[in-house]
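Input: a single structure, listed below in structure tokens.
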Protein chains: 2
Amino acid sequence: MKPSKDPQPRSANNSIVDVAVLARVSVATVSRVLSGQRDKNDDVDRRVRQAAATLNYSVNAAAKALRSKVSGVLGVVAPKPIDFPASQLISELEPAAKKAGKNLALALAETQQELDDKVRSLILRDIDGLIVIAPQNCRLPSTKDATNSPGTPIIQLLGHNASPQVSWIGIDTTAAMRAAMQHLADANATSIAFLSPTLDSGMVSDALVAFQSSDQITELIRNPAWTTCGACTIRRGYDDALRMFADKDETPDGIICGNDQIALGVLQALNQLHIVVPDQVMVVSFGDSPLALMSEPSLTSVCPPYRTMAHEAIRLLLLESEGTRRLYPHTTFPPQIIDRGSTRKLMHV
Amino acid sequence: MKPSKDPQPRSANNSIVDVAVLARVSVATVSRVLSGQRDKNDDVDRRVRQAAATLNYSVNAAAKALRSKVSGVLGVVAPKPIDFPASQLISELEPAAKKAGKNLALALAETQQELDDKVRSLILRDIDGLIVIAPQNCRLPSTKDATNSPGTPIIQLLGHNASPQVSWIGIDTTAAMRAAMQHLADANATSIAFLSPTLDSGMVSDALVAFQSSDQITELIRNPAWTTCGACTIRRGYDDALRMFADKDETPDGIICGNDQIALGVLQALNQLHIVVPDQVMVVSFGDSPLALMSEPSLTSVCPPYRTMAHEAIRLLLLESEGTRRLYPHTTFPPQIIDRGSTRKLMHV
DNA sequence: TTGTAGGCGTTATCAA
DNA sequence: TTGATAACGCCTACAA
């Protein structure tokens, strides 16, 4: 049923003036009602909303941005091609941004040069904030250029090159390592091995330190030869595991892997040696990639707190774009252990 | 009157008027030079560009969009969470869009409801075109609503529910299947098995038809029991392969897998049976996911033509947004075989 | 080819 | 609280 008037529900050719006329108020009032500045629930409010609905009206984003200096857009720079962590972060960023009334403008960068370009380009587009998921081997900003005009708040996600001039949200790798060890200890592991990534490869780099210095559970590290560094590949995990279990006299009963690929290799080696996971040896990995669900048994993995990081990034950006204060906090969040088949649940006795 | 002394390189507070004053021309001329309407390489051109550079000026996107009705933004709707094909497509779409001077606005959707919302929301934001990478089990549009006002060209990528009212770009699965078989035939395979996804699961659904009806090489399909349907999991591939090779009398020497996970399971089974890949049996899979590089040997895989699809999508969108004609072409592109360790290269004799 | 001037649709200002 | 009006920064007829 339509109202008695002549609604003209044509495509979005309607402007705020049409709504004002139909609602018999001024354009200013329409603007206030529709932007939430006018909170009353009276007749004016109803008339305006009714008119807007009838005309199928929605505000023109460009005009709004031009006038109010708020574009309603958050920029996101991610690695090209988009890797798994970036896709997870973006998947969490988008709903969080939407909930704050922001859209996402996505740019990708592969090199430092591209990163600089994209950052500049986005900032010039009047975005309300910028989130950078830095590609490997890239710094932000490369030079503290005119890029970072005081206008746009910037926040870096992941990476470990965060300059003191840039807000940063990352993973608490120390807590991650501790959680992994505690998880194994709780399941009665007595001797733990650690297959670390090479030290320069980021995410778990200082996890090695945490591993070797974790106070309460140091006694779990029996053999220095069980701490290895190397590539994040299936083959590396396979080779290291074979080597570790060559000497039947002394073998670990818990293995922490720098990522899921390494863990997959470990699993293959153990399977070949007829060592049963998790009964004889337990395995924990970092990253919780899709791989973790594919293996047999599935991998207990330390999952980066993507959702928490995304929400915090949005929150910070909103905060900084409103207030005048501009701090550059460096925040880390502890990841969560996803318990799966490769570790044994502790039985309550 | 100090041309080079006091350039005011402050943040982007400068407008086209400042540039015009500094270059001693009118704002119209500045607009024309900077938007490429004025092609001459004369003194005026140089003065304008010099002034713009000096003032660190760049056009205000909002004002430009408001006035010219062209926002310079393409909308992209992708599944939430972003899956591998979507991340590949986006990784190709972004540079292609950038090259055309467009930015990407990214929205994610998980349900039909969300898809409709995001499509509507993006179209209302005055985007120049919309690319939809449809989530599973979603249709576009759900109802031919006011969403598809004649204003914004829309194109769907992947999925197989493309309505005749929507432009669509997909994969030529028939060609894909043919290429896989031809690849095996060229490497002297004589009997081929096909581990198909369940028929409703999209991508390779009609590949089964192509498999069974491929004219020239039908003789390669020896045994109907070698064509199976099932889940796209490692275990399924493992189980099917074990079953297939239980009877030593008659076994295939080429296996085509519906995706990389199935292929991984096949590889594991063959390895366990001490059947050497590719010497005794060759394996080809669909999808070319990161998994393909992780296996031992690495997987020869049929790679969807992400780049081609992305470029064609951008091209079509640009075309439709300029011309008045609005066709709804349905296009498919053949994928490319990435030759890796799981198939044997044909030796030239 | 160049300049002038009028809007694009909205929000902010200010007076009522 | 509401309404009239002036920007916001740019593009584009139209005139010179």
Side-chain angles (χ1 to χ4, degrees), chain A residues 8 10-49 51-52 55-73 101 124-128 151 322, chain B residues 8 10-49 51-52 55-73 101 124-128 151 322:
Chain A
Q8 286 216 357
R10 291 159 54 179
S11 59
N13 280 334
N14 293 313
S15 88
I16 198 172
V17 179
D18 304 301
V19 180
V21 170
L22 186 55
R24 286 168 297 162
V25 294
S26 72
V27 291
T29 301
V30 175
S31 174
R32 287 191 272 256
V33 169
L34 262 35
S35 68
Q37 286 193 38
R38 187 186 186 283
D39 223 356
K40 293 167 69 175
N41 211 9
D42 57 1
D43 187 53
V44 171
D45 185 284
R46 268 191 299 281
R47 285 213 310 275
V48 169
R49 297 192 188 282
L55 295 173
N56 194 20
Y57 166 84
S58 69
V59 301
N60 181 309
K64 177 176 193 153
L66 173 60
R67 184 59 235 238
S68 68
K69 308 278 188 195
V70 176
S71 64
V73 174
L124 290 178
R125 274 191 85 78
D126 290 324
I127 55 176
D128 300 339
E322 288 175 4
Chain B
Q8 286 212 354
R10 290 158 53 179
S11 61
N13 278 334
N14 294 312
S15 87
I16 198 172
V17 180
D18 305 302
V19 179
V21 170
L22 186 56
R24 286 168 297 160
V25 293
S26 72
V27 290
T29 301
V30 175
S31 173
R32 287 192 269 257
V33 168
L34 261 35
S35 69
Q37 286 194 38
R38 186 186 185 283
D39 224 356
K40 293 168 69 174
N41 211 9
D42 57 1
D43 187 52
V44 170
D45 185 283
R46 266 190 300 279
R47 286 212 311 275
V48 169
R49 297 189 188 282
L55 295 173
N56 194 20
Y57 167 83
S58 69
V59 298
N60 180 309
K64 178 178 193 151
L66 174 59
R67 183 59 232 246
S68 68
K69 308 282 185 193
V70 176
S71 65
V73 175
L124 289 178
R125 274 191 84 79
D126 289 325
I127 56 177
D128 300 338
E322 288 175 3

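Hydrogens, waters and symmetry mates play no part in the numbers below; they use all other heavy atoms, side chains included. Bear in mind that the values here come from a model prediction, so they are computed numbers and not experimental data. Lettering follows sequence order; numbering is per chain, from 1.
- The separation between B/L124 atom CG and C/dT10 atom P is 12 Å, rounded to whole Å.
- Between A/R32 and C/dA12 there is no side-chain polar atom (N or O) within less than 4.0 angstrom of OP1 or OP2.
- Regarding A/R125, its CZ atom lies at a distance of 16 Å from the P atom of D/dG9, rounded to whole Å.
- Between the side chain of B/N14 and the backbone N or O of B/L55 there is at least one donor-acceptor pair closer than 3.5 Å.
- If you check every strand for non-hydrogen atoms under 4.0 Å, B/V44 touches sugar and phosphate atoms only.
- Of the possible polar contacts, none joining the B/R32 side chain to the B/Q37 backbone as a donor-acceptor pair under 3.5 Å is found.
- Contact check, A/K64 against D/dC8: no side-chain N or O comes under 4.0 Å of OP1 or OP2.
- When the side-chain nitrogen and oxygen atoms of B/T29 are compared with OP1 and OP2 of C/dG3, one or more of them lie within a distance under 4.0 Å.
- Not one N or O on the side chain of B/S31 forms a donor-acceptor pair closer than 3.5 Å with the backbone of B/V27.
- Between the CZ atom of B/R38 and the P atom of D/dC11 there is a distance of 16 Å, rounded to whole Å.
- Considering only side-chain N and O atoms, A/Q37 lies nowhere under 4.0 angstrom from the phosphate OP1 or OP2 of D/dT1.
- Comparing A/S31 and B/L66 by the nucleotide of DNA chain C whose heavy atom lies nearest to each, the residue mapping closer to the 5' end is B/L66.
- Atoms OH (B/Y57) and C1' (D/dC10) sit 7 Å apart, rounded to a whole Å.
- In terms of phosphate contacts, A/K69 brings a side-chain nitrogen or oxygen within less than 4.0 Å of OP1 or OP2 of D/dG9.
- The interatomic distance linking B/D126 (CG) with C/dT10 (C1') rounds to 12 Å, in whole Å.
- For C/dT10, its base never sits under 3.5 Å from the side chain of A/R67 at any donor and acceptor pair.
- If you take CG of A/D18 and C1' of C/dG9, they are 11 Å apart, rounded to a whole angstrom.
- Checking the phosphate oxygens (OP1, OP2) of C/dG3, a side-chain nitrogen or oxygen of B/S26 falls inside 4.0 Å.
- The backbone N or O of B/V70 sits nowhere less than 3.5 Å from a side-chain atom of B/D128 that would complete a donor-acceptor pair.
- If B/D42 and A/V59 are placed on DNA chain C by their nearest nucleotide, the residue sitting closer to the 5' end is B/D42.
- The separation between B/I16 atom CD1 and C/dC8 atom C1' is 15 Å, rounded to whole Å.
- As a whole-Å value, the separation of A/L34 CG from C/dT11 P is 8 Å.
- Note: A/L22 CG to A/Y57 OH = 13.0 Å, rounded to the nearest 0.5 Å.
- Between C/dT11, D/dG9, C/dG3, one nucleotide has an atom nearer to the side chain of B/A63 than all others, and that is D/dG9.
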